[in-house]
Number of protein chains: 2
Amino acid sequence: MTEKPKRRDTAGLIAAELAGTAKPHTAYELLERLRPSGVFAPTTVYRALEKLLASGKIHRIESLNAFVACRGAEGAPHDHGHGELGIGFTVCDRCAAVAEFEDASLQSRIEAAAAAGAFVPRSSIVEIHGLCAACAGEGPAAGRP
Amino acid sequence: MTEKPKRRDTAGLIAAELAGTAKPHTAYELLERLRPSGVFAPTTVYRALEKLLASGKIHRIESLNAFVACRGAEGAPHDHGHGELGIGFTVCDRCAAVAEFEDASLQSRIEAAAAAGAFVPRSSIVEIHGLCAACAGEGPAAGRP
DNA sequence: ATCAATTTGTAACGTTATAACAATTACGAC
DNA sequence: GTCGTAATTGTTATAACGTTACAAATTGAT
Ligand SMILES: [Zn+2]
Ligand SMILES: [Zn+2]
Ligand SMILES: [Zn+2]
Ligand SMILES: [Zn+2]
């Protein structure tokens, strides 16, 4: 049986919006979608996003200022905390689809690069831009639409 | 002998501001600094930044919305075009110092991760947050000041 | 019931980035 | 020279992204 929360669960609403799509959504896109549910202020959205980020349920794509649900490497949600090294994303510049990957040897390369500069790493951001498999078949790219 | 440009060389002014420091500057910080030189509008700054990015003279740090001069891996400017795979940055969360590195094996890991998802990479973003050598010695971190 | 702690809401503001269009400068053709 | 054109720069306004400060509501204890 599903519990009906006494308070509105903004984080839950956002998680639901992000689930089921590989397209990132900006905070203001989410705000628009949650307006019918009574969410009217950016603050509310950003607070909920913060919680979801902290719990690892979503990820922020820095180069898009947007957010995606965590899907793990294989489509199944995994249990990394936030900020771990060795995870990354591919971002299609044509259709905006984002895929997540986790790669231990990428992680070790990042740690090695940090070590080479006597740098103590705490988190890393890896975002690969290009064309997804579907879009690569459809002729040359068109910037970042 | 140095050529005196007939037009104001906004890109040159920005390059001069960014040279000689490892601290990233935002577009609006640069605007403030260029105000005495007669630059008053964000547009002007962003246009100049665009050119500098295209020519590889500066890099954009996505996670800070800020810009640093290209210094290459060893402190000497190198000649990568923009968007190449395999370059990355360390970003100190305490003092904001940014260092650039280039790592062929990191590049090959990124290409492999892309290939695993049938993704065609065109550019990559690698930013490692943590503490620089100087700051790591000074006690625990303090968020991202 | 009263209290303090937590969560949510509201309003205003600050920062980052772009769009649309006008004015100026450079430069070759005439 | 001056005309025409392309490239660059300037101006104004606006869009997009994010935070601060504080008020109101909910909760769970005492
Ligand atoms: Zn994830
Ligand atoms: Zn695509
Ligand atoms: Zn560089
Ligand atoms: Zn530091």
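In what follows, every chain begins at residue 1, and chains take the letters A, B, ... in the order their sequences are listed.
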Atom pair distance, as rounded to whole Å: CD in B/Glu50 and P in C/dA19: 10 Å

Residue pair A/His129 / B/Ser124, side-chain donor-acceptor N/O under 3.5 Å: no

Length of the CZ-P vector between A/Arg60 and D/dG18, whole Å: 4 Å

Nearest-angstrom distance from the residue atom OH of B/Tyr46 to C1' of D/dA16: 11 Å

Rounded distance (Å) that lies between atom P of C/dT16 and atom CG of A/Asn65: 11 Å

Polar side chain donor-acceptor pair, B/Ser63 to B/Glu127, under 3.5 angstrom: yes

Worked check of side-chain contact (heavy atoms from CB on, under 4.5 Å) between A/Leu18 and A/Phe67: CA-CA 8 Å; A/Leu18 292 180; A/Phe67 304 85; 4.2 Å; yes

B/Leu64 CG to D/dC17 C1', straight-line distance once rounded to whole Å: 15 Å

Sorted by number, the residues of residues 24-35 of chain A with heavy-atom contact under 4.0 Å to DNA chain D: A/Thr26, A/Tyr28

C/dT6 phosphate, OP1 or OP2, under 4.0 Å from A/Lys51 side-chain N/O: no

Spacing of A/Ile61 atom CD1 relative to D/dC17 atom P, expressed in whole Å: 14 Å

Could you go through nucleotides 10-12 of chain C and list every protein N or O atom that sits under 3.5 Å from one of its N or O atoms, giving the distance for each pair?
unit_1, atom_1, unit_2, atom_2, d
C/dT10, O4, A/Thr43, OG1, 3.4
C/dA11, N6, A/Thr43, OG1, 2.8

Minimum heavy-atom distance between A/Leu52 and A/Ala11, given as atom pair plus value: CD1-O, 3.6 Å

Derivation and outcome, salt bridge (Lys or Arg N to Asp or Glu O under 4.0 Å), residues B/Arg109 and B/Glu111: CA-CA 5 Å; B/Arg109 288 323 309 156; B/Glu111 284 168 345; over 6 Å; no

Worked check of side-chain contact (heavy atoms from CB on, under 4.5 Å) between A/Gln107 and A/Ile87: CA-CA 7 Å; A/Gln107 174 173 354; A/Ile87 74 171; over 6 Å; no

Modelled atom types, side-chain donor and acceptor of B/Glu17 and B/His25, under 3.5 Å: no

Salt bridge (Lys or Arg N to Asp or Glu O under 4.0 Å) partners of residues 44-56 of chain B, not counting sequence neighbours, each pair once: none

